[in-house]
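One structure is given below, encoded as structure tokens.
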Amino acid sequence: MRLVLKPDSLLDWIALRANLAPTPILETQIALISARAIMAATELRLFSRLESGALSAAEIAEACGLDLRATEALLPALVSTGYLRYSAQRYRLTAKSRKWLAPQNRWSLFDYMPHVRDVWRVTEGLERFLQTGRALDIHESNFGAEQWRRYQRAMRSLASVAADEVGRRLPVKPGAKLMLDIGGSHGYYSVALCRKHPGLSAVILDLREAIEESAPILAQENMQDCVQHRAGNALTDDLGENIYDLILISNLAHHFSDAQNRDLAKRAARALKPGGTLVIQEMIRPHSPASGDQVSQVLNLFFALTSTSGTWSIAEIESWLREAKLKVGRPIFLRSVPGAAQVSGILNQSF
């Protein structure tokens, strides 16, 4: 998946095709301001105020406590990005903004936008990273309590996009009783799986700082009887032996090096019961820089900047599972998150 410039007229199309349009300005300054407009409108609950119907600019400004002149500048920008529609001097939500950014009390991407502010600040260190090769490793050094809180709510909102599909498609053997969710923080994937598979319970292993901010999020699901947190470190903890029917490592491998992921896969494999499954769910790095998958390639750069690692290919993930003596299954590519896949390995009865 990639972001593209869309011409509004024949002249625009000709300019783009002939390389006459100043696309670097469109893809930097215009893109940056457009992004900030969407973030600000979400955080100031502008989209939420429109859930009940269309409003004029003056009504929106009054409802949100905003300056009218500034609001009149913001609203057409949101129309141009497809997040608002304008007619008869009133503004209304589009399908995109209604689903993803308007809800205040339902899980959507509403809670992801404040985290994007932190992403924004982090990327200011990109040039220094490129010059020195020293990544920020934000989870170890730069996260305060407020950042952890924004991060956990953002990750929970992101999980809501894929949780239903994960619950349906993740390979769980019949009669599975106990799963380990490594780095699962908010626990929503564990919740989805336990609801899908009666009799299954889950332990979520994560850093103490992450649990402090994610425990209230998990509590909202009323699943305390079958989903529990356990403070620990995936890189160093002994995960035990012959305990779990299922181990899920979701969106965590991109924070770890190849050696760390190999070691984690081996410790996870030892913790499986015979016939148990280890599933690594990740954004997948395309096999070639020429693949055209902008989202995966840009995320690879971002994780290299922030976590000393990056995204991994299917072949690399499969090699970790094979080295852990697991039988590798066919990758499952998620429809709800283009570019993401589940790569699984099963512990054979003979091991």
Side-chain angles (χ1 to χ4, degrees), residues 42-43 45 47-48 51 99-119 138-140 143-170 172 176-234 237 239-240 243-252 255 268 271 279 281 334 336-337 340:
T42 305
E43 292 188 58
R45 291 173 166 75
F47 297 124
S48 299
E51 279 192 285
K99 176 178 181 179
W100 297 113
L101 299 178
Q104 295 185 54
N105 300 315
R106 301 187 299 276
W107 286 107
S108 68
L109 294 181
F110 179 87
D111 281 314
Y112 198 90
M113 294 300 108
H115 168 63
V116 179
R117 287 181 173 273
D118 295 327
V119 172
I138 57 174
H139 296 83
E140 292 294 329
F143 260 29
E146 281 300 317
Q147 281 179 292
W148 270 115
R149 188 170 299 116
R150 289 192 295 269
Y151 179 76
Q152 293 301 335
R153 291 185 68 83
M155 295 304 101
R156 167 59 180 84
S157 70
L158 193 59
S160 68
V161 176
D164 180 66
E165 183 181 8
V166 169
R168 285 186 289 104
R169 303 186 70 192
L170 193 139
V172 180
K177 298 297 183 183
L178 184 62
M179 70 171 284
L180 177 65
D181 186 349
I182 300 179
S185 61
H186 51 76
Y188 196 53
Y189 289 132
S190 287
V191 167
L193 287 161
C194 289
R195 285 174 175 162
K196 179 70 175 177
H197 301 278
L200 180 66
S201 61
V203 175
I204 303 168
L205 176 70
D206 215 323
L207 299 173
R208 187 173 302 278
E209 301 93 325
I211 292 175
E212 288 175 358
E213 301 303 333
S214 61
I217 299 173
L218 178 59
Q220 295 180 39
E221 302 298 332
N222 295 316
M223 295 284 285
Q224 293 88 340
D225 290 343
C226 56
V227 183
Q228 301 288 332
H229 276 120
R230 188 178 90 200
N233 189 323
D237 281 16
L239 304 180
I243 300 174
Y244 302 102
D245 300 295
L246 171 68
I247 297 179
L248 173 63
I249 305 174
S250 178
N251 297 319
L252 187 65
H255 295 307
V279 179
Q281 182 171 284
L334 299 179
S336 53
V337 185

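Counting begins at 1 with the first residue of the sequence. For clarity, every value in this text was computed on a predicted model and none was experimentally measured.
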Verify side chain to side chain contact (heavy atoms under 4.5 Å, CB included) between K177 and Y244, making sure each step is shown before the conclusion.
CA-CA 8 Å; K177 298 297 183 183; Y244 302 102; over 6 Å; no
Identify the heavy atoms of [X] and [Y] that sit nearest to each other, and give their distance.
X	Y	answer
H197	G167	NE2-O, 4.0 Å
Y189	A162	OH-CB, 4.0 Å
W148	A210	CZ3-CB, 3.7 Å
L334	R169	CA-NH1, 4.1 Å
A154	Y112	O-CD1, 3.3 Å
E43	M113	OE2-O, 4.0 Å

Carboxylate-amine/guanidinium contact E146 R149, below 4.0 Å:
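Judged by the 4.0 Å cut-off on N to carboxylate O distance, E146 and R149 do form a salt bridge.
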Any Lys/Arg nitrogen of D118 or R150 sitting under 4.0 Å from an Asp/Glu carboxylate oxygen of the other?
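Salt bridge: yes.
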Could you tell me if the side chain of [Y] sits less than 4.5 Å from the side chain of [X], heavy atoms only?
X	Y	value
Q220	R156	no
M179	S190	yes
R45	F110	yes
L218	I204	yes

To the closest 0.5 Å, what do you measure between [atom1] ([X]) and [atom2] ([Y])?
X	Y	atom1	atom2	answer
I247	L205	CD1	CG	10.0 Å
L200	D245	CG	CG	7.5 Å
Y151	S214	OH	OG	11.0 Å
L180	L248	CG	CG	9.0 Å
E213	S185	CD	OG	11.5 Å
M223	R195	CE	CZ	5.0 Å

Using modelled atom types only, decide if a donor and an acceptor are shared between the side chain of [X] and the backbone of [Y] within a distance under 3.5 Å.
X	Y	result
H186	R153	no
D206	I211	no
S108	W100	yes
S48	P103	no
S201	C194	no

Sequence-distant partners of S250, side-chain hydrogen bond (donor to acceptor under 3.5 Å, both in side chains), two or more places apart
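S250: side-chain hydrogen bond (donor to acceptor under 3.5 Å, both in side chains) contacts with Q281.
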Where do L193 and D181 land on the side chain to side chain contact (heavy atoms under 4.5 Å, CB included) test, with the steps shown first?
CA-CA 11 Å; L193 287 161; D181 186 349; over 6 Å; no
